[in-house]
Amino acid sequence: MQESRCIAGIDVHKKMLAVVVGRTHDRSLQLERAKFGTTTEHLELLSDWLEAHGVQEVVMESTGQYHKPVWLQLEGRFQLHLAQAHSNRGPKGRKRDFADAVRMVRRFLSDDLILSYVPGMEQRLWRRLTRTKTSIGDQRKRVQCQVEGLLEEMMIKLSSVISDLFGLSGLRILAAIAAGEQDPVKLAALGDDRLKVSKEALQAALKGKVQPEHRLLLGLYLEQVDLIDRQTAALEREISAAMRPHAAAVERLAEIPGLGIDSAQQIIAEIGPEAATFPSAGQVASWVGVCPGREESAGESHSNRSPKGNRPMRRLLNQVAWAAVRTNGSSFQDLFRRLLVRKGPKLSIWAVAHRLLRVIWKVLHKKVSYIEHGPRSAHPKVIEKRKRALVRQLRGLGYSVQITPIPAG
């Protein structure tokens, strides 16, 4: 006789919740339906109603952001599961709220739902902080593009002669232009002596035609940049304070080529300080979406395209992979160069991102430090294997080969 289970399925909407409680008895499923609102008062009633019915587990769809208040209200009182909406899709023309909730319960009991990973409250707050910081950084880049477009209208080619338009020198010059300064000599004098451009070239780039409307817009853009910089600094302080108990994990990750403190904090916010949810490196790679997918039919795979996975992690891994392959003497640089000829840059950098994620998982999960072994070609085992291969090739061509090491020095 099977053990009785009591499962609740919730079809989540902005203003209402369609709730179905399913109780298994022998091989039958007894159902009970109810409808609730989404305000805090109604969510408290929902929680009490589920508890009164002896519900042990609750499954709901990840409908935009609307499931979050429901999750927060029920968290701690029930075992919660978040199902991906496409795995509960019903036949076209038969879309009804309670039918969706019943289907969700049935598919959950038969293990046919695809469930999402939802971290704990603390880690969700880390994610909110790090993702907000990334979003604000994107805003800064958009403002920089707008400023560059405005400078073109002003016939000022500042971004052509300095590498960072929003560096210290660039911001000083832009602030002076917004304040009304038009003399190229005085503007060029605001540049740092370390700029890799001559004073004459800088003065020529700063000669333009500035209208009052241009100065007004430039001042507004610079105010946005100042606000963004202050918000970023506040977020950095908050993130550092929140992750202080896991400073050792952050430092271990920052030792990996391509990573720094900022990227290490983002990774911990996404997969946790110990990556405890993922028992293996392959599982975390599948969840992030940096491993090949598989679309198999009739014994053949028609597509190896990677799944969407966790988009913030995919974006971050792509960035740190490019940084890692630019680190001279690293194993990641060696891997990229070996794959580049056969796979091209796009697939090669994705392979490096996959290797990086496996290293990250091991550093977090097993609490070990990263050790750089250098290029694979310098490893003694690789040298010995290469030597044997060359000897076989020469013997195949009819030569008698005797290996004699060259004395050191």
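Heads up: numbering here begins at 1 and tracks the sequence.
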What I'd like to find out is whether the side chain of [X] reaches to under 4.5 Å of the side chain of [Y], using heavy atoms alone.
X	Y	result
L317	V352	no
S169	L190	no
L113	N88	yes
Q123	I268	no

Could you report the tightest heavy-atom contact between [X] and [Y], atom names first, then the distance?
X	Y	answer
A188	L202	O-CD2, 3.6 Å
A178	L218	N-CD2, 3.9 Å
R252	K367	NH2-CA, 3.6 Å
M60	V12	CB-CG2, 4.1 Å
P257	Y370	CD-CE2, 3.2 Å
W361	A275	CD1-CB, 3.8 Å

Residues [X] and [Y] bridged, charged N to O under 4.0 Å:
X	Y	result
D100	R96	no
D112	R106	no
R140	D229	yes
K157	E152	yes
R338	D334	yes

Give a yes or no on whether the ring-centroid distance for [X] and [Y] is below 6.0 angstrom.
X	Y	value
H354	W350	no
F278	W287	yes
F108	H81	yes
H42	W49	no
W71	F78	no

Output yes when a side-chain donor or acceptor of [X] lies under 3.5 Å from a complementary backbone atom of [Y], and no otherwise.
X	Y	answer
H365	K362	no
S348	G344	yes
S240	R237	no
Q79	E57	no
T327	S330	no
K15	G37	no
E181	D183	yes
Q73	P69	no
R107	S87	yes
T130	Q266	no

Approximate separation, where rounding is to 0.5 Å, of [X] [atom1] and [Y] [atom2]:
X	Y	atom1	atom2	value
L364	E274	CG	CD	8.5 Å
E41	L45	CD	CG	6.0 Å
L43	L72	CG	CG	9.5 Å
I371	E255	CD1	CD	9.5 Å
L17	D11	CG	CG	8.5 Å
Q231	I136	CD	CD1	4.5 Å

Considering residues, nucleotides and ligands other than [X], do more than 12 of their heavy atoms fall under 6.0 Å from its [atom1]?
X	atom1	result
R355	CZ	no
L168	CG	no
M16	CE	yes
Y66	OH	no

Any donor-acceptor pair under 3.5 Å linking the side-chain atoms of [Y] with those of [X]?
X	Y	answer
Q65	K68	yes
R77	S47	yes
Y221	E223	no

Between E270 and the options R127, R311, R315, R128, the salt bridge (charged side-chain N to carboxylate O under 4.0 Å, His left out) test singles out R127

Report the C-alpha separation of K35 and D97 in whole Å, then their side-chain angles, then the decisive distance to 0.1 Å, and conclude whether the salt bridge (charged side-chain N to carboxylate O under 4.0 Å, His left out) test is met. CA-CA 10 Å; K35 185 181 290 187; D97 296 331; 5.7 Å; no

V58 vs V70, test: side chain to side chain contact (heavy atoms under 4.5 Å, CB included). Steps then yes/no. CA-CA 11 Å; V58 178; V70 185; over 6 Å; no

Please evaluate residues I349 and K346 with respect to the criterion side chain to side chain contact (heavy atoms under 4.5 Å, CB included), reporting the C-alpha separation (whole Å), side-chain torsions for both, the decisive distance (0.1 Å), and the verdict. CA-CA 6 Å; I349 203 65; K346 188 175 181 180; 5.6 Å; no

Full working for side chain to side chain contact (heavy atoms under 4.5 Å, CB included) between W126 and E238: CA-CA 9 Å; W126 296 347; E238 187 65 26; over 6 Å; no

Determine whether W322 and F336 satisfy the following criterion, ring pair (Phe, Tyr, Trp, His ring centres under 6.0 Å), listing intermediate values before the conclusion. CA-CA 10 Å; W322 279 113; F336 180 75; 5.6 Å; yes

